[in-house]
Amino acid sequence: MTDSLRGPQPHPGWKPGDAVEIPHGRWIGLDIATLDPAAGYKLLIGSIVPRPIAWVSTVSARGVTNVAPYSFFNGVASKPLSLAFSITRRPDGSDKDTLANIRATNQFVVNSANEWMAEAMHQTSGAYAPGESEFAKAGLTPEPSVEVKPPRVKGAAVQMECELLKLVPIGDGSVGSAHLVIGKILMIHAHESVYHDGKIDLAAYKPLSRLAGDSYGRVAGVFDLERPKV
Ligand SMILES: Cc1cc2nc3c(=O)[nH]c(=O)nc-3n(C[C@H](O)[C@H](O)[C@H](O)COP(=O)(O)O)c2cc1C
């Protein structure tokens, strides 16, 4: 299924102990205790790439729907099937709407961000006021979930209905600090064009990743390496 995405293996025939080609130069040590936090953030998002994107839909206590992308994101366990993403503070120190809504309802949906929806997903990252729904701003349709109150994004290839397992504060509450949201997945909806034989078809799925700055990436140059037989 992924043949159209394939590229060459980096070092065919490599054996343990073979010389590794590293560009000429030295390593620059950066002591985080004295580094400006904004510079640290740039290094974090520039070094940890590509990042998957959780497109998180929530609903407020008053019933206003919300959806926004989060790329400090990953899966964390299979029993319970769970994932985590991190919500940083706004530059003025306030909570983002996604965090306020998860605190209010203990529920959220992680929708996939793939090429079908790239521009609409990006549109939802604007700092809209709490009373404004990003669904309307981005021309998206909320679709009722089965197990949770927040709606799914209609048309997103994969939609994961989640309940909050743990909200972990990271830092002292000042700008740059964050909350790690850990969620248990209750239900997954996968479009049949991307889900066959119990697997997600990467070539059909066309996932997007987040890079540094305003850049996004696609999956290409896929290659396989067998697990070492120890
Ligand atoms: C692709 C992408 C990834 C993002 N990842 C994060 C993230 O991991 N954590 C975060 O706090 N904000 C992230 N943002 C910014 C939020 O999407 C943005 O602050 C948004 O306005 C939050 O919306 P909300 O207040 O409705 O929750 C990201 C933005 C984009 C475009």
Side-chain angles (χ1 to χ4, degrees), residues 37-38 40-76 83-140 142 149-153 156-158 160 162 164 167-183 206-219:
Y41 175 76
K42 274 194 185 164
L43 288 172
L44 198 66
I45 63 164
S47 308
I48 304 178
V49 279
R51 292 183 304 286
I53 302 168
W55 197 14
V56 182
S57 47
T58 53
V59 65
S60 74
R62 294 168 150 218
V64 180
T65 56
N66 187 285
V67 58
Y70 287 87
S71 69
F72 284 180
F73 164 56
N74 228 309
V76 292
L83 50 78
F85 67 97
S86 157
I87 306 176
T88 57
R89 286 188 183 281
R90 290 212 184 96
D92 67 2
S94 63
D95 285 350
K96 293 189 179 176
D97 297 337
T98 300
L99 177 60
N101 293 353
I102 291 174
R103 277 208 177 104
T105 64
N106 285 330
Q107 294 178 334
F108 56 95
V109 179
V110 171
N111 305 273
S112 63
N114 71 350
E115 270 193 50
W116 303 348
M117 296 256 178
E119 291 81 4
M121 175 274 293
H122 188 72
Q123 187 70 31
T124 64
S125 68
Y128 303 104
E132 292 179 316
S133 174
E134 287 88 348
F135 277 93
K137 295 280 167 198
L140 293 162
K149 265 200 226 145
R152 302 175 270 157
V153 174
V158 178
M160 300 181 181
C162 301
L164 183 66
L167 191 60
V168 185
I170 310 285
D172 61 5
S174 61
V175 175
S177 65
H179 283 84
L180 183 69
V181 179
I182 306 174
K206 297 185 173 38
L208 296 179
S209 62
R210 183 64 163 164
L211 308 171
D214 283 338
S215 304
Y216 290 92
R218 299 181 169 92
V219 174

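All values derive from a computational prediction rather than experimental measurement. Order of listing sets the numbers, starting from 1, for every ligand and every atom in it.
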### Task
Identify the two heavy atoms, one from Arg51 and one from Ile48, that lie closest to each other, and give their separation to 0.1 Å.
NH1-O, 2.9 Å

### Query
Is there a donor-acceptor pair under 3.5 Å between the side chain of Asn111 and the backbone N or O of Ala156?
no

### Message
Would Met121 count as a polar contact of ligand 1, with the cut-off being nitrogen or oxygen pairs under 3.5 Å?
### Response
no

### Message
Do the side chains of Arg90 and Asp95 get close enough for a salt bridge, i.e. N-O under 4.0 angstrom?
### Response
no

### Task
If you have a sec, work out which protein heavy atom is nearest atom 16 (C) of ligand 1 and how many Å separate them, to one decimal?
Pro69 O, 3.7 Å

### Summary
Note: Arg210, heavy atoms under 4.0 Å from ligand 1, region reported as side chain

### Task
Name the closest protein heavy atom to atom 12 (N) of ligand 1, giving the residue it belongs to and the distance to 0.1 Å.
Lys96 NZ, 2.9 Å

### Query
For Ser60 and Asp97, what are the C-alpha separation, side-chain angles and deciding distance, and is it a side-chain hydrogen bond (donor to acceptor under 3.5 Å, both in side chains)?
CA-CA 8 Å; Ser60 74; Asp97 297 337; over 6 Å; no

### Working for side-chain contact (heavy atoms from CB on, under 4.5 Å), residues Gln123 and Tyr128
CA-CA 10 Å; Gln123 187 70 31; Tyr128 303 104; 3.2 Å; yes

### Task
May I ask you to identify the nearest protein heavy atom to atom 23 (O) of ligand 1, giving residue, atom name and distance to one decimal place in Å?
Ala68 CB, 3.3 Å

### Query
With only distance considered, is Leu99 within less than 3.5 Å of ligand 1 through an N or O on each side?
no

### Message
Looking only at protein heavy atoms, which one is nearest to atom 27 (O) of ligand 1, and what is the separation?
### Response
Thr98 OG1, 2.5 Å

### Task
Nearest 0.5 Å please: distance from the OG1 atom of Thr58 over to the NZ atom of Lys149.
12.0 Å

### Query
What do we get for Tyr128 next to ligand 1 when only non-hydrogen atoms under 4.0 Å count, side chain, backbone, both or neither?
neither

### Summary
Looking only at protein heavy atoms, what sits closest to atom 5 (N) of ligand 1 is Ser71 N, 2.9 Å

### Task
Could you establish whether Phe85 and ligand 1 come within less than 4.0 Å of each other, counting only heavy atoms on the residue side?
no

#### Entry: Closest approach of any protein heavy atom to atom 22 (C) of ligand 1, naming residue and atom
Tyr70 OH, 3.4 Å

### Query
Are Leu208 and Glu115 side-chain neighbours, meaning at least one heavy-atom pair lies under 4.5 Å?
yes

### Message
Walk me through whether Leu180 and Phe72 qualify under side-chain contact (heavy atoms from CB on, under 4.5 Å).
### Response
CA-CA 9 Å; Leu180 183 69; Phe72 284 180; over 6 Å; no

### Query
Does ligand 1 have an atom under 4.0 Å from some heavy atom of Arg89?
no

### Residues Ile53, Tyr216; criterion side-chain contact (heavy atoms from CB on, under 4.5 Å); working and verdict
CA-CA 10 Å; Ile53 302 168; Tyr216 290 92; 3.7 Å; yes

### Message
Could you check whether any heavy atom of Arg51 sits closer than 4.0 Å to an atom of ligand 1, since that is the contact criterion I want to use?
### Response
no

### Task
Go through ligand 1 atom by atom and flag the ones less than 4.0 Å from a non-hydrogen atom of Asn66.
26 (O)

### Message
Just to confirm my output: which protein heavy-atom neighbour is closest to atom 9 (N) of ligand 1, and how far is it?
### Response
Ser86 O, 3.0 Å

### Query
Is there a donor-acceptor pair under 3.5 Å between the side chain of Arg89 and the backbone N or O of Gly173?
yes

### For Asp97, atoms of ligand 1 separated by under 4.0 Å from a heavy atom
24 (P), 25 (O), 26 (O), 27 (O)

### Query
Which ligand 1 atoms are under 4.0 Å away from a heavy-atom of Tyr216?
1 (C), 31 (C)

### Message
Out of all atoms in ligand 1, which are within 4.0 Å of some heavy atom of Gly126? Include the element for each.
### Response
21 (O)

#### Entry: Contacts of Thr65 that satisfy side-chain contact (heavy atoms from CB on, under 4.5 Å) - sequence neighbours left out
Val59, Ser133, Phe135, Pro151

### side-chain contact (heavy atoms from CB on, under 4.5 Å), paired with Phe108, selected from Val110, Thr105, Asn106
Val110

### Query
Should you measure from each heavy atom of Phe72, which atoms of ligand 1 turn up under 4.0 Å away?
8 (O)

### Summary
Among non-hydrogen protein atoms, atom 21 (O) of ligand 1 lies closest to Ser125 O, 3.0 Å

### Task
Could you tell me whether Ala113 approaches ligand 1 through its side chain, its backbone, both or neither, with non-hydrogen atoms closer than 4.0 Å?
neither

### Summary
Between Gly46 and Ala212, the two heavy atoms sitting closest are CA-CB, 4.0 Å

### Nitrogen or oxygen of Thr88 less than 3.5 angstrom from that of ligand 1
yes

### Task
Would you mind running through ligand 1 and noting each atom that sits below 4.0 Å from a heavy atom of Ile87?
11 (O)

